[in-house]
Amino acid sequence: MHLLFLGISTAVVSTYLVGKDLHWRFLLMPKGLQQGSIGKHILCSTLSYYAKFLFVIVGIAVLAYLGLTGTLPAPKDWVSDKTAIFVIELIMCLCIAIAVRGSQHPRRVFFYLFNFGLLASALYGLIAFFQRKNPLTAQITTINTTFLIVVISIAAFALMWANKLWTQERLLPYLKRT
């Protein structure tokens, strides 16, 4: 279920990417948007946009908790290792979404990713069947240092791929016209 959520969040966030300070004049500036860093610019802009939204939601939740109980929650109760790992996984999804949106045919890439996900799910179900485990409750992998290195490597590779895919010509249809 977790991988399904990450796949769906990649597809959803790819339609809501944010690029701050993008204007056609910005491309003409000498130190403007560099050719190999457009994907990184989109990543930083999207992260800063969603971080502001997240801080507002967390602030409202903390104020609601304070109003209901009269005390603030201890940081160890609402920030854990799983939360940090989940944030790293969401950043990986965002990097993949930027790379997919930068391709010439994003729908075709999503189709291939969906088919790869179906094939991986079928393979995992087959392995779980032969091990006599329930595939819905069995853990796919343990979350350890190797897992984090793989997730960060996938994010870095996707961001490098996005930097190659996003060119100034590819960005022109999305720029402000005013």
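Keep in mind the model is a prediction, meaning the values are calculated, not measured.
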Task: Side-chain cluster (under 4.5 Å, hydrophobic types only) that Leu123 belongs to, other residues - done: Ile127
Task: Side chains of Thr10 and Leu94 in contact at under 4.5 Å (non-hydrogen atoms) - done: no
Task: Nearest heavy-atom neighbours spanning Ala11 and Ser14 - done: O-OG, 2.8 Å
Task: Over 12 non-hydrogen atoms of neighbours within 6.0 angstrom of OH in Tyr50 - done: yes
Task: Hydrophobic cluster membership, Phe157 vs Ile88, 4.5 Å side-chain cutoff - done: no
Open item on the list: With heavy-atom distances below 4.5 Å as the criterion, would you say the side chains of Arg101 and Thr15 are in contact?
Closed with: yes
TODO: Just do the side-chain contact (heavy atoms from CB on, under 4.5 Å) check on His41 and Trp166 with the steps written out, would you?
DONE: CA-CA 10 Å; His41 178 78; Trp166 279 101; over 6 Å; no
TODO: Compare all side-chain heavy atoms of Ile98 with those of Trp161 and state whether any distance is below 4.5 angstrom.
DONE: no
- [ ] Apply side-chain contact (heavy atoms from CB on, under 4.5 Å) to the pair Asn115 and Leu119, showing each step before the final yes or no.
- [x] CA-CA 6 Å; Asn115 284 333; Leu119 183 64; over 6 Å; no
Task: ring pair (Phe, Tyr, Trp, His ring centres under 6.0 Å) contacts in which one or both residues fall within residues 83-114, not counting sequence neighbours - done: Phe5-Phe86
- [ ] Please lay out, stage by stage, how Tyr16 and Thr46 fare under the test side-chain contact (heavy atoms from CB on, under 4.5 Å).
- [x] CA-CA 8 Å; Tyr16 295 105; Thr46 306; over 6 Å; no
- [ ] Treating Ile, Leu, Val, Met, Phe, Trp and Tyr as nodes and any side-chain heavy-atom pair under 4.5 angstrom as an edge, say whether Leu165 and Met160 lie in one connected cluster.
- [x] no
